[in-house]
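Each ligand, and each atom within it, is numbered from 1 in the order the structure gives. What you see is a predicted model, and the numbers here were worked out from it, not measured in a lab.
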Amino acid sequence: MSRPLENKLALVTGSSRGIGAAVAARLAREGAAVIVTYASSAERAEAVVVDIRREGGEAEAVGADLGSPDGVKTLIASIDGAFGGRFGGRLDILVNNAGTVGYGPFLDQPDDAYDKHFNVNVRAPIALAKETGRRMAKAGWGRIVNIGSAFGEAAPMGGVTLYVATKFALHGFTRGLSRELGPFGVTVNGVQPGPIDTDLSPNEGTDEHAAMVKLTSVGRFGKVEEIAAAVAYLASPEASFTNGENLTVDGGWNA
Ligand SMILES: NC(=O)c1ccc[n+]([C@@H]2O[C@H](COP(=O)([O-])OP(=O)(O)OC[C@H]3O[C@@H](n4cnc5c(N)ncnc54)[C@H](O)[C@@H]3O)[C@@H](O)[C@H]2O)c1
């Protein structure tokens, strides 16, 4: 595999497992030094780091709860000292991947569910994009990739209304910010996954899982690597003319 991301620093939120872990591994394989972030499971994050290093890549783990503004500050602070300060405070690639979902009828959702969804899925990505976007614009190059959802474009099923609201918001943020940062050599794009087998999605054998399979035209859940491939494209130097795109990778769900 070629290494188009050599000498680039990437930060992938929520990369201790699932889609984020696959994205971190893929970007590292392509040459990027990767900051792996986790909410509470340092062990899982360390395992991702060890796997990346075993393959000859570079990674470090940082813990931060993105449900609070302090978590964002922690991640921003980690950029300056990352990899012995080798990147001088520069961050080349931000992947806003961390996300949360609460299943169940909207009318039964507890009041604190709004803040939880919006803090993690919208406020944290926006705050991180602001702080890192400044650094990218100054450097004249950057890639921001927001992991949205097929639920950021349509709501073909109920039970995830707050999640849908946050992913539509992220979709709009991606488009708006792309207008502002494009002139500085910084692209802002999204990837909108359909159903992918991870801790966040319904387990195989449940009614929800079966309903989601039916909504695809390929008749299956996707794999984390299929999302990582889309992120790798958008993060690459080759994607320099792709800006403001919300790339749907959903097995035909929203066709
Ligand atoms: N799995 C799917 O079917 C699917 C479909 C569409 C979009 N997505 C999106 O993909 C992204 C990754 O999800 P996944 O499927 O890998 O799920 P996952 O549950 O395996 O991973 C989510 C990640 O987000 C992190 N996270 C959650 N709350 C956090 C908090 N408060 N602070 C810091 N980190 C936090 C978790 O630690 C974890 O690393 C999410 O944005 C999700 O909305 C997933």
Inset, instruction - Give the numbers and elements of all ligand 1 atoms closer than 4.0 Å to a heavy atom of G67. - result: 31 (N)

Inset, instruction - Mark up the atoms of ligand 1 that fall under 4.0 Å of a heavy atom belonging to A98, in ascending order. - result: 24 (O), 25 (C), 26 (N), 34 (N), 35 (C), 41 (O)

Legend entry - Ligand-side contact atoms (ligand 1) for residue partner A64, heavy atom cut-off under 4.0 Å: 32 (N), 33 (C)

Inset, instruction - List the closest protein heavy-atom neighbour of atom 8 (N) of ligand 1: residue, atom name, distance to the nearest 0.1 Å. - result: Y163 OH, 3.5 Å

Legend entry - F168 CZ: over 12 foreign heavy atoms closer than 6.0 Å: yes

Legend entry - Option from V249, L247, I147 for which side chain to side chain contact (heavy atoms under 4.5 Å, CB included) with V231 holds: I147

Legend entry - For atom 6 (C) of ligand 1, the protein heavy atom that lies nearest, with its residue and separation: P193 O, 3.2 Å

Inset, instruction - From the options S149, G194, P195, select the one whose nearest heavy atom is closest to atom 5 (C) of ligand 1. - result: G194

Inset, instruction - From the options N121, N146, T132, select the one residue that forms a side-chain hydrogen bond (donor to acceptor under 3.5 Å, both in side chains) with N96. - result: N146

Inset, instruction - Dump the intermediate steps for salt bridge (Lys or Arg N to Asp or Glu O under 4.0 Å) on R220 and E226, then the final yes or no. - result: CA-CA 13 Å; R220 65 172 175 86; E226 290 172 311; 2.8 Å; yes

Inset, instruction - Look at the aromatic rings of Y114 and F106 and report parallel, tilted or perpendicular, splitting at 30° and 60°. - result: parallel

Inset, instruction - Report, in ascending order of atom number, the atoms of ligand 1 lying under 4.0 Å from any heavy atom of G18. - result: 16 (O), 20 (O)

Inset, instruction - Provide, to 0.1 Å, the distance between atom 16 (O) of ligand 1 and the closest protein heavy atom, together with that atom's residue and name. - result: I19 N, 2.8 Å

Inset, instruction - Give yes or no for whether the N/O distance cutoff of 3.5 Å, strictly under, is met between D65 and ligand 1. - result: yes

Inset, instruction - Report yes or no: do T248 and N254 form a side-chain donor-acceptor pair below 3.5 Å? - result: no

Legend entry - ligand 1-proximal atoms of Q192, by part, heavy-atom distance under 4.0 Å: neither

Inset, instruction - Inspect the surroundings of CZ in R179 and state if more than 12 heavy atoms from other residues, nucleotides or ligands are less than 6.0 Å away. - result: no

Inset, instruction - Determine whether more than 12 heavy atoms belonging to other residues, nucleotides or ligands lie under 6.0 Å from atom CD of E6. - result: yes

Legend entry - Closest approach of any protein heavy atom to atom 20 (O) of ligand 1, naming residue and atom: R17 NE, 3.1 Å

Inset, instruction - Specify the protein heavy atom at minimum distance from atom 23 (C) of ligand 1: its residue, its atom name, and the distance to 0.1 Å. - result: G14 O, 3.7 Å

Legend entry - Salt bridge E131-R135, side-chain N to carboxylate O under 4.0 Å: no

Inset, instruction - Identify, for atom 40 (C) of ligand 1, the protein heavy atom at the shortest distance, and state residue, atom and that distance. - result: N97 O, 3.1 Å

Legend entry - Side chain proximity check, R175 to N246, heavy atoms < 4.5 angstrom: yes

Inset, instruction - Check ligand 1 against I147 and write out every atom of the ligand that is under 4.0 Å from a heavy-atom position of the residue. - result: 9 (C), 10 (O), 11 (C), 41 (O)

Legend entry - Name of the residue among V48, V62, L11, T13 meeting side chain to side chain contact (heavy atoms under 4.5 Å, CB included) with V36: V48

Legend entry - Contact with ligand 1 for G148, non-hydrogen, under 4.0 angstrom: yes

Inset, instruction - Look at atom 34 (N) of ligand 1 and find which of A39, G20, S16 reaches it with the closest heavy atom. - result: A39

Legend entry - atom 22 (C) of ligand 1 - nearest protein heavy atom and its distance: G99 O, 3.8 Å

Legend entry - Residue and atom name of the nearest protein heavy atom (relative to atom 32 (N) of ligand 1), distance in Å to one decimal: L66 N, 2.8 Å

